[in-house]
Peer 1: 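Handing you a structure now.
In this chain, residues are counted from 1 in sequence order. Given the structure is predicted, the values throughout are model-derived calculations rather than measurements.
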Amino acid sequence: MSSYEHIVGIYLAAGHSSRMGTCKLSLPFAGVPLGAMALKEIVQSKINSLLIVTKDIQTTWLRSVEMLLTNTVHWENIISLQAHLGQSYSLQAGIQRAIQIGADSVVIFLADQPFITSHMINHLIHQSNKEKDFVAAFDGEHMKPPILFQKKAFPFLLSTTGDQGARSLLKREILKGVKIHVDPSILLDIDTEEQYEYSKSLYNGVII
């Protein structure tokens, strides 16, 4: 990775939490809203700019961390008006803005992954170079966010459809990249009440 690269984080937080029955990102987790957990680590990483993609303006959980964000990183709240059509539309909204602000690469994050760390993010960044289309976290079975994509992959990301987002590109092996093995517990994402309760019970035992 070159030191002058503009690395933009795209934080996908526009889901409808349909399986939870409530806005899961507003749920309490370790003293903060669930949606704020990963943000605390992202702002300590080598990400230069951060785009937080939501479906609504003035999201309550996001307001709770505005001061932290403003004091640590250049950030913007991007509203995805088509978020209800699938994750790919939120991803495209983020990519389009990243292109406008001159991104050399992007790192895709999910807002419901409370255990990601700045160390892990920086490791992905350090493993990137112009020869690879992407560098993805890998839990031993699947590639998962965070995933870093180089600029040459942006047109492919803009062509995604439905709710698969970048995963569809990785499954079809259209892009060439590398997988970085990460402890599966670090990559846990929360989609159900059972996963939420399990993650809360796991929190104190996870080495951050």
Peer 1: Please work out which of the three classes, parallel, tilted or perpendicular, describes the rings of F29 and F115, given edges at 30° and 60°.
Peer 2: perpendicular
Peer 1: Is it true that a side-chain atom of H6 and a backbone atom of D104 form a donor plus acceptor pair closer than 3.5 Å?
Peer 2: no
Peer 1: Give the minimum heavy-atom separation between S185 and L202, together with the two atoms involved.
Peer 2: CB-CD2, 4.2 Å
Peer 1: If you take all heavy atoms of A98 and V106, which pair is closest and at what distance?
Peer 2: CB-CG1, 3.8 Å
Peer 1: Dump the intermediate steps for side chain to side chain contact (heavy atoms under 4.5 Å, CB included) on K55 and S80, then the final yes or no.
Peer 2: CA-CA 5 Å; K55 62 181 180 179; S80 176; 5.8 Å; no
Peer 1: Taking all atoms of both residues into account, what is the closest heavy-atom pair of D139 and P184, and its distance?
Peer 2: O-CG, 3.4 Å
Peer 1: Under a 3.5 Å distance rule, please check whether Q127 uses its side chain to pair with a backbone N or O of I180 as donor and acceptor.
Peer 2: no
Peer 1: Please answer whether the main-chain N or O of K40 pairs with a side-chain N or O of Q44 as donor and acceptor at a distance below 3.5 Å.
Peer 2: yes
Peer 1: Under 4.5 Å between side-chain heavy atoms, counting indirect links through other Ile/Leu/Val/Met/Phe/Trp/Tyr residues: same cluster for I108 and I174 or not?
Peer 2: yes
Peer 1: Take atom NZ of K151 as the centre, draw a 6.0 Å sphere, and report whether it contains more than 12 heavy atoms from other residues, nucleotides or ligands.
Peer 2: no
Peer 1: Evaluate the side chain to side chain contact (heavy atoms under 4.5 Å, CB included) criterion for residues K132 and Q150: first the C-alpha distance (whole Å), next the side-chain angles of each, then the deciding distance (0.1 Å), finally the verdict.
Peer 2: CA-CA 7 Å; K132 304 166 186 172; Q150 291 288 349; 5.6 Å; no
Peer 1: Please determine whether a side-chain nitrogen of the Lys or Arg among E197 and K200 lies less than 4.0 Å from a carboxylate oxygen of the Asp or Glu.
Peer 2: yes
Peer 1: Supply the atom-to-atom distance L12 CG to T54 OG1, rounded to the nearest 0.5 angstrom.
Peer 2: 11.0 Å
Peer 1: Count the heavy atoms of every other residue, nucleotide or ligand shown that sit under 6.0 Å from CD of E131, and state whether that count exceeds 12.
Peer 2: no
Peer 1: Looking only at non-hydrogen atoms, find the nearest pair between L187 and P145 and report the distance.
Peer 2: CD2-O, 3.7 Å
Peer 1: Would you call the rings of F138 and H181 parallel, tilted or perpendicular, taking 30° and 60° as the class edges?
Peer 2: perpendicular
Peer 1: For E5, is there an ion pair with K46 - N to carboxylate O distance below 4.0 angstrom?
Peer 2: no
Peer 1: Measure the shortest side-chain to side-chain distance between Y203 and M37 over non-hydrogen atoms and say whether it is less than 4.5 angstrom.
Peer 2: yes
Peer 1: After noting the C-alpha distance and the side-chain angles of L157 and L169, does the key distance pass the side chain to side chain contact (heavy atoms under 4.5 Å, CB included) rule?
Peer 2: CA-CA 8 Å; L157 294 170; L169 295 178; 3.7 Å; yes
Peer 1: So, H123 side chain and H119 main chain: donor-acceptor pair closer than 3.5 Å or not?
Peer 2: no
Peer 1: Considering the options I10, L170, V135, which one meets the side-chain contact (heavy atoms from CB on, under 4.5 Å) requirement together with I147?
Peer 2: L170
Peer 1: Where is the tightest heavy-atom contact between L124 and A136, given as atom of each residue plus distance?
Peer 2: CD2-C, 4.1 Å
Peer 1: Are L148 and L51 in one and the same hydrophobic cluster, where Ile, Leu, Val, Met, Phe, Trp and Tyr link if side-chain heavy atoms are under 4.5 Å apart?
Peer 2: no
Peer 1: Using side-chain heavy atoms (C-beta onward) and a distance below 4.5 Å, is V65 in contact with V32?
Peer 2: no
Peer 1: Counting distance only, does the side-chain N/O of Q113 pair as donor-acceptor with the main-chain N or O of I186 below 3.5 Å?
Peer 2: no
Peer 1: Donor-acceptor pair, distance only, cut-off 3.5 Å: does the side chain of D112 make one with the backbone of D189?
Peer 2: no
Peer 1: Counting neighbours of CZ on F156 that are heavy atoms of other residues, nucleotides or ligands and sit closer than 6.0 Å, is the number greater than 12?
Peer 2: no
Peer 1: Would a hydrophobic clustering, with Ile, Leu, Val, Met, Phe, Trp and Tyr connected at side-chain separations under 4.5 Å, put L158 with F134?
Peer 2: yes
Peer 1: Nearest 0.5 Å, what's the CD1-CG distance between I125 and N48?
Peer 2: 8.0 Å
Peer 1: Would you kindly confirm whether L110 and I42 end up in one hydrophobic cluster when ILVMFWY residues are joined by side chain heavy atoms under 4.5 Å apart?
Peer 2: no
Peer 1: Answer with yes or no whether the hydrophobic clustering places V73 together with V53; edges join I, L, V, M, F, W, Y residues whose side-chain heavy atoms lie under 4.5 Å apart.
Peer 2: no
Peer 1: Looking only at heavy atoms, what is the nearest atom pair of A103 and F154, with distance?
Peer 2: O-CE1, 3.8 Å
Peer 1: Would you compute the distance between atom CG of L91 and atom CZ of F149 and round it to the nearest 0.5 angstrom?
Peer 2: 7.5 Å
Peer 1: Determine whether a donor-acceptor pair (N or O, by modelled atom type, separation under 3.5 Å) exists between the side chain of S201 and the backbone of Y198.
Peer 2: yes
Peer 1: Looking at CD1 of I190 and CD of E194, how far apart are the two atoms once the value is rounded to the nearest 0.5 Å?
Peer 2: 12.0 Å
Peer 1: Rounded to the nearest 0.5 Å, what separates atom CZ in F109 from atom OG in S45?
Peer 2: 5.5 Å
Peer 1: Carefully, step by step, assess D133 and K152 under the rule side chain to side chain contact (heavy atoms under 4.5 Å, CB included).
Peer 2: CA-CA 7 Å; D133 296 321; K152 60 182 176 179; 2.8 Å; yes
Peer 1: Looking at T192, is its backbone amide N or carbonyl O close enough to the side chain of K24 to form a donor-acceptor pair, meaning the two atoms are under 3.5 Å apart?
Peer 2: no
Peer 1: Nearest 0.5 Å, please: how far is CD1 in I47 from OH in Y11?
Peer 2: 12.5 Å
Peer 1: Taking side chain as C-beta onward, heavy atoms only, is I78 less than 4.5 Å from I52?
Peer 2: no
Peer 1: Below 4.5 Å, heavy atoms only, C-beta onward: do L34 and P114 meet side chain to side chain?
Peer 2: yes
Peer 1: With distance as the sole test, does T117 use its side chain to make a donor-acceptor pair with the main-chain N or O of M120 at under 3.5 Å?
Peer 2: yes
